[in-house]
Structure formats: structure tokens, C-alpha cells
Amino acid sequence: MAQIIGGITTSHVPAIGRAIAKNLQDDPYWKPFFDGFKPVHRWLETARPDVVVVFYNDHGLNFFLDKMPTFAVGAAPSYVNADEGWGIPQVPAFTGEQALSWHLIEALVGEEFDLTTCQEMTVDHAFTLPMALLWPDQRWPVKVVPVCINTVQFPLPSAKRCYALGDAVGRAVRAFAGEQRVLFMGTGGLSHQLDGTRAGFINKEFDLAFMESLIHDPTWATQFSIHELVEKTGTQGVELLMWLATRAALGAGPVTEVHRNYHIPISNTASGLMVMAPQV
Ligand code: DHB
Ligand code: FE
């Protein structure tokens, strides 16, 4: 059976791509952010994932506002990045783990999640930059399964529903008849708002409470409606739903907090990073 080795949650700001392209990792602005990934690199050396299931939100590269699935799962042989207009370099293609994709799709539809299945799919900065933060040489040593959750166009799925999705993905991975070591990754957040009168909004107190809840009270955030989450975290801060799905995928049992970093701001965003591993 496939083995779940852990979950990594991180922000996905496009400016990270520019900082990577310009080698600004030791620049005073960027150092506290990039240094946060050094313990993650050490952890990955022993964790040795074969597959990463990535919970993220597409921002208009693969799904535009005219067609917006609530939940979509990639089942493509490979996934490429494309120009999103940020002017950041594209990254090498990712290889899909198609057998696991279809297994997840069967399991999730079997549990009455109404999915969009994507046999062709481009992946945007929310997918590519976290991968580049984990593997800076961009020679991806893993196969991937993208799981896309709409946090861009209302109505958005509730926190409770995203937790349920993550839980179902976790159970399906555990039931997958393979030997793969599976890592979950959730990208987005933490608090940020890019538009409107509250542009620049950050809520450190809520972010820290949310990060803490993932370790000690994982369903805590499911008490909040989407509108409450927008109020507390900003219009784009709701991307923290990816963190919730990732934590849920690790199962109801206790997790060990392997690493945590929180740094304000990167671009307009409170950047957070966590590594969690299920206790065995
Ligand atoms: C920023 C953050 C995001 O999550 C995103 O998708 C785009 C931009 C930012 O802070 O600049
Ligand atoms: Fe985003």
C-alpha cells in the first residue's frame, strides 16, 4: 500500500519566481523567507517522496472565470507551466502519476464529490513555485497529482467541504495498491488581500492561531463560513483552504510538527510554511 510520509504547506507568491530568477535568496528582504526552506530540504532527504499530491488554486492559467470547477483533479501524463504575465521564467515539465490520479478520481466520485477530471492541464505559480522551493535545482525527483480547489471565483467550497475532500484524498491514497511514498502539499495563503479597500490586509493573530490549530485541533477552521474566512484573512487569504485539505489528508490521528516558519510580508502576503508528519 502507498505510504503517506507527510504534508508541506506554503505560500505561493509570484514574486518568489522573480527572486529565484535573480538569485536573491540571500538578499535581506528574501533571506528570512528562503532560509525557512533549508530544514525542509534536510527533511526531504530522509522522507524521500516518490509522489506529491498538490492541493492548490489555479489563478486563471488553466481555468478562467468563464469555466471554474469547484474541485478538479489532474490525470495527465505531464503538466507544463506557461506565461501568466508575471514575467517569471517557466519551469521544466512535471511527470504525472496517472494511476494514482485515476484511483483518486474513482474514490472521490465514489464518495459523491463532483469533480472535473483534466487529462490536459497547465499548472500556474501556485503549483510551480512551491515545487521550486522544495527542489531548487528544478530536476523534479517526484511524480505529481494536481488537485485544484477554486478560491478565485465565488461561490467557494466551504472549509468543512475542503476538509472532507482532503480526508477523502488521504484515505484513497492509503488504499492505493502501490509502494509509493506520498507527500501532500498545500499552497496558498496565509492572510492577504490584493484588491479593494482592504488591499494589503494581513492578520498575524489569525494566521498563527490557524497554524497552531493544524497541529492540535485540525478541524478548528471548519467552524468558519467562507465570508468569515474572507473577513479574517482577506479575499486571497482564503487560499488557506489548501492547508486545511492537506492537514485532513494526513488523517485524524496526531501529527508531528517537523518545521514551521512565518514571515511578514512577502509581496502582499503573510508567508507561512509548515511541515507535518503523521505519527506512526
Ligand atoms: C500575491 C499572492 C498570491 O497568492 C497570488 O496568487 C498572487 C500575488 C502577492 O502577494 O503578490
Ligand atoms: Fe494565490
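Positions are given from 1, in the same order as the sequence printed here. Both ligands and their constituent atoms are indexed starting at 1 by order of listing.
- Between Glu205 and Lys232 there is no salt bridge, since no side-chain nitrogen of the basic residue lies less than 4.0 Å from a carboxylate oxygen of the acidic one.
- For ligand 1 and His192, the ligand atoms under 4.0 Å from any heavy atom of the residue are 2 (C), 3 (C), 4 (O).
- His59 and His12 have their aromatic ring centers within a separation under 6.0 angstrom.
- The option from Gln193, Glu84, His125, Gln236 that lies nearest to atom 5 (C) of ligand 1, judged by heavy atoms, is His125.
- Residue Leu194 has at least one heavy-atom neighbour below 4.0 Å for each of these atoms of ligand 1: 1 (C), 7 (C), 8 (C), 9 (C), 10 (O).
- Nearest protein heavy-atom neighbour of atom 10 (O) of ligand 1: Thr269 OG1, 2.6 Å.
- Looking from atom 8 (C) of ligand 1 to the surrounding protein, the closest heavy atom is Pro14 CD, 3.2 Å.
- Within 6.0 Å of CD on Gln279 lie more than 12 heavy atoms contributed by other residues, nucleotides or ligands.
- Legend: protein N/O/S atoms lying under 2.8 Å from the Fe ion (ligand 2), waters omitted, number 3.
- Ring orientation note: the planes of Phe210 and Trp243 are tilted relative to one another, at an angle of 30° to 60°.
- The pair Arg171-Asp167 meets the salt-bridge criterion, since a charged nitrogen lies less than 4.0 angstrom from a carboxylate oxygen.
- Set against the non-hydrogen atoms of Ser267, the atoms of ligand 1 under 4.0 Å away are 9 (C), 10 (O), 11 (O).
- A salt bridge does not link Glu45 with Arg48: none of the charged nitrogens is closer than 4.0 Å to a carboxylate oxygen.
- Between Asn62 and Thr122 the shortest heavy-atom distance is OD1-N, 3.1 Å.
- Residue Trp86 places no N or O, backbone or side chain, under 3.5 Å from any N or O of ligand 1.
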Step by step, would you call Phe63 with Lys67 a side-chain contact (heavy atoms from CB on, under 4.5 Å)?
CA-CA 6 Å; Phe63 302 117; Lys67 298 180 191 71; 5.8 Å; no

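- A tilted orientation is assigned to the rings of Phe176 and His103, their planes being inclined by 30° to 60°.
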